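Below is one structure; the comments refer to it alone.
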Amino acid sequence: MKDSIRHLIQQALARLTDEGVLPAGLNPAIQVENTRDKSHGDFASNIAMMLAKPAGMKPRDLAQKLIDALPADASVSKVEIAGPGFLNFFQNSDALAARLDAALADARLAVRKAGAVQRVVIDLSSPNLAKEMHVGHLRSTIIGDAVGRVLEFLGDQVIRQNHVGDWGTQFGMLLAYLEEKPAGAESELADLEQFYRAAKQRFDESAAFAERARELVVRLQAGDAECLRLWTRFNEISLSHCQEIYDRLNVRLSPADVRGESAYNAELPGIIEALREKGLLTEDEGAQCVFLDEFKNAEDKPLPVIVQKAGGGYLYATTDLAAMRYRSTVLQADRVLYFVDQRQALHFQMAFAVARRAGFVRDDMQLEHMGFGTMNGADGRPFKTRDGGTVKLIDLLDEAEQRAYALVSEKNPELDEAELRQIARAVGVGAVKYADLSKHRTSDYRFNFELMLSFEGNTAPYLLYAYTRVASLFRKLGKGMDEIGGQIRLHAEQEQALAAKLAQFGEVLNGVGDKGEPHLLCSYLYDLAGLFSSFYENCPVLAADDPAVRDSRLRLAALTGRTLRQGLELLGLEPLERM
Ligand code: ARG
């Protein structure tokens, strides 16, 4: 709807330009916003205020001229001038109702991508292997997954890339530790976390051990068969732990999406060569660097991207350059989104700049770092266990499920054990995910079990429950949400407000896809659930006397139910029929 209003304004501007009211050559970005207060219409534009100066007119006078020049449109019932010169558009209820009827008849709820369909690579999760996943990997995994789902729903072709850290120096340490242990120690790898910690302790306390660890990395990188065999084993175990978590989190990631750092090993010498040929390499204290003028340190000296260490080893940035080239040339991506901690922002800015300068990526391929803030504990400090250790993701999910189980079984003592467990799983894991997704991506946030499991406020339990209310209405009726005949007709104020919100679903999803911000969808669903509640309280549905009114309201409820359900699924939550 906003797009069609923008289009109407454009036509009015063209007309006023032809008539000489507006100077030629203006090409303003036309802004159209949803209004908060529906008594002021549904959409507002500040275009008259923006153009008053170049037109040499008072904003309200220009607004009037624009209104006179607007072509008639069936979906707009009237346009008014408000305040200093806003144009307020009222949407026509019949046209709105017809749009919702069309959405109800469509499996995709009439959602379309606003721009061209693209092939999008999503770099997500990407933990460092040889350790278990900890809470720091949660955000990348679930935000990346949600944005991926939304883009897929909009029609994009999404390629997920789990760029795991499988080639670091940590492996030397693990190999050295394994070597020290008596035969049979390989079986201890099942508890990788424990194994890693023990190895790290040896590394920190013994210089000889550390030296041996470094030797073993060199051997591994030189292709020593035994080192490679053990390295493969570490990775297999580590990845199987990750997969367990992905499944538990209901995240769409599989072993086929893993393309770790080691996959680019063979490319790295070629990356250095290509940079050299382009004249981009500078040697600095034996290391190979690319200096970029646009990145300077506090003393105004250019910052280097180091691509090869003095000893010949390659770095994180080198691998990222190879990965960008692969995504551009082999995967043929139009767009690559990196869901990685905000603290790596400079790394990505610089790596993107080097890749462009070196011609590793096509000019028309978009590279976007979708950074995110830190998840803190309830005290606002970095999230830690009681004894100060890092929190394992699996323990966090266990606790969430236990808490949800206690909550749900108290509310519904009559449910049988199996169903309670299933509900607790959806609510517990859903609460952890939703609490994260509903915050602005770039802000830090406090992890708090009590708040995320509350049935009030913008939480998973509240939304899952809102969906069950709609589901139970249809259960009572004995019909599915897509089995209601008739037509939507909008009369009551609460029907109008609910309908206007329902019509925004596609626009919200496009926003999530463009900006990589799932919180926009969370806020939308929360508002939608609230508007449904007031509609449900004020407009009798099953008890409506007039069958046409009853059908219309049932259809509104059905579209609300399907929108909530689709929205929750796009966030990676599991909608429940009852709870
Ligand atoms: N393994 C890295 C880390 O844990 C994240 C990798 C992100 N992706 C990338 N292409 N650099 O910090």
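Sequence positions, counted from 1, serve as the residue numbers for this chain. All values below come from the heavy atoms of this structure, side chains included, with hydrogens, waters and symmetry mates left out. Counting convention: from 1, in listed order, for ligands and their atoms alike. Values in this document were obtained by computation on a predicted structure and should not be read as measured data.
Ordered by chain and residue number, the residues placing a heavy atom less than 4.0 Å from ligand 1 are Asp123, Ser126, Asn128, His163, Tyr316, Asp320, Tyr338, Val340, Gln344, Phe348.
Relative to the six-membered ring of Tyr326, Arg259 meets both conditions, a distance below 6.0 Å and an angle of at most 45° to the axis. Judged by the 6.0 Å distance and 45° axis criteria, Arg421 is positioned over the aromatic ring of Tyr405. Because its NZ or CZ atom is both nearer than 6.0 Å to the ring centre of Phe360 and within 45° of the ring axis, Arg325 counts as a cation-pi partner of that residue.
Ring-centre distance between Tyr177 and Tyr196: not below the 6.0 Å cut-off.
The only member of Leu396, Val135, Asn376 that meets side chain to side chain contact (heavy atoms under 4.5 Å, CB included) when paired with Phe447 is Leu396.
Ring geometry for Trp231 versus Phe171: interplanar angle over 60°, hence perpendicular rather than tilted (30 to 60°).
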